[in-house]
Each structure stands twice: as C-alpha cells, then as structure tokens.
Amino acid sequence: MEFAELVMKRRTVRRFEETPVDRAVLEKIARLGQHVPSAGFSQGQRLVIVTDPGMRRRVAETCGETLYAGVGMGNWISECAAQFIPCVSADIYHRRYQEPDKTGDGGSEIEWPTPYWWVDIGKTSMVVMLAAHDAGLAAGFAGVQDIPVLKALLGLPDEFHPIGVIPVGRQLPDVRSPSLKRGWVPFEDFAHWERW
Ligand SMILES: Cc1cc2nc3c(=O)[nH]c(=O)nc-3n(C[C@H](O)[C@H](O)[C@H](O)COP(=O)(O)O)c2cc1C
C-alpha cells in the first residue's frame with residue numbers, strides 16, 4: 001500500500017477475528033517496530049508478543065476489558081490474533097547518557113529536556129500499528145490500568161514499563177470510539193509555517 005494511503009486509512013480498530021496469523025507475518029511487524037530512531041541510539045524499546053488465548057485474556061483484564069464489553073464493544077483486547085505490548089526502559093537511556101560521548105565536559109548525564117524514552121516507544125507503537133495495517137490486518141490500542149499485574153504476568157524485568165496493549169488481527173465491524181466526535185483539529189491549527 002502506498003505510504004500516504006496507509007497513514008490516512010489506518011484507524012484504531014476494536015474488533016478482530018481470533019483466527020491465528022502466521023508467525024512470519026507477526027515477526028515482520030515486530031521487526032519493523034524495532035527499526036525506529038531512538039535518542040543516542042539507546043534502543044530502550046522492547047515488544048512482548050502474546051498469542052496464547054489464555055494469556056491474551058489475562059493481559060486484557062489488566063486493561064479493564066470487561067468495562068469495554070459492558071458498554072457493547074465486546075472483548076476486543078483479548079479476541080485477536082496477537083497482542084503486541086510495547087515496553088520501555090528509562091534506565092537504558094540513563095545508562096546510555098552516562099557514556100563518555102554523551103556526558104560532555106561536565107562528566108554527568110544531561111538534564112533531559114524531554115523524556116525521550118516515551119517519545120521512542122511511541123514511535124515503535126506507531127510502526128507496529130502501521131505495519132499491521134500494511135499486512136492486511138488491523139490494530140487497536142488499549143491503555144493498561146494495572147501495570148504491576150501486567151508486568152508480573154509477562155515476567156518483565158523490573159526496569160521495563162508496558163505502555164499499552166496493541167491487539168492485532170483480521171478486522172471485524174466494530175463500535176467506533178465516541179472520542180472521534182471531537183473531529184480533527186483544523187490543519188491550520190496543527191501546522192504553523194515559519195513560526196507560531
Ligand atoms: C496513547 C494512546 C492511548 C489510547 N488509549 C486507548 C484506550 O485505552 N482505549 C481505546 O479504546 N482507545 C485508546 N486509544 C485510541 C484513540 O482513542 C484513537 O487513536 C483516537 O480516537 C483516534 O482514532 P484513530 O486511531 O482511529 O484515528 C489510545 C490512543 C493512544 C495514542
């Protein structure tokens with residue numbers, strides 16, 4: 001699919017077939033998700049990919065799936081082919097920025113103008129969603145409500161933080177988010193030429 005079409009047609013989907021997707025397809029999505037820029041090439045991003053139905057249900061519980069089901073949206077976080085869970089370690093960035101090429105004359109870590117680890121895991125997430133779409137699949141995004149339980153469930157090393165759950169699968173008709181009623185910010189408000 002052409003890039004502009006891919007970007008314009010992607011949407012957050014909240015209903016999927018549970019039929020499995022080939023491991024090779026899932027792996028291609030994951031490999032593309034790895035190839036994003038990161039501050040200092042720190043590469044603090046990781047993905048956990050869950051396909052097992054029982055595990056998918058337990059992962060979905062940490063995102064409050066029953067609340068979605070209760071408002072007619074169905075079990076869209078567990079009923080999918082795979083869940084991609086983007087995780088990030090701020091500690092990897094801190095360690096990287098204590099290396100000599102990053103500490104400068106003062107010999108100490110920078111004052112972070114922006115916590116770039118959140119920026120970089122966002123890029124990973126976006127590429128995963130676009131890559132799923134490009135593979136003829138669809139993807140959603142659910143925020144995690146119980147981070148400690150999800151970390152324990154996935155066996156994450158303590159320094160890693162799971163930022164959300166991206167269910168991926170073949171698209172079914174779904175209930176659109178009521179948030180979409182807000183409409184897009186006008187392009188003129190979004191993009192400012194030369195200065196604000
Ligand atoms: C950081 C982030 C968190 C989100 N969390 C949720 C969520 O918890 N549940 C949900 O249904 N959608 C969630 N969404 C999806 C947004 O509602 C959705 O992206 C937005 O409504 C625009 O729709 P679109 O992606 O189809 O263009 C989240 C999106 C982002 C980027």
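Note that these values count all heavy atoms, side chains included, but never hydrogens, waters or copies made by symmetry. Order of listing sets the numbers, starting from 1, for every ligand and every atom in it.
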Electrostatic pair [X]-[Y], nearest N-O below 4.0 angstrom:
{"X": "E109", "Y": "K102", "result": "no"}
{"X": "R58", "Y": "E61", "result": "no"}
{"X": "D146", "Y": "K151", "result": "no"}

Report task. For ligand 1, list the protein residues that place a heavy atom within a distance below 4.0 Å of one of its atoms, sorted by chain and number. Result -> R10, R11, T12, R14, Y68, W76, F141, A142, G143, L180

Report task. Under the side chain to side chain donor-acceptor pair (under 3.5 Å) rule, collect the residues that match up with R170, sequence neighbours excluded. Result -> T19

Query raised in the report: Is D158 atom CG crowded by more than 12 heavy atoms from other residues, nucleotides or ligands, each under 6.0 Å away?
Result: no

Query - Which atom of L137 lies closest to which atom of V168, heavy atoms considered - result: CD1-CG1, 4.0 Å

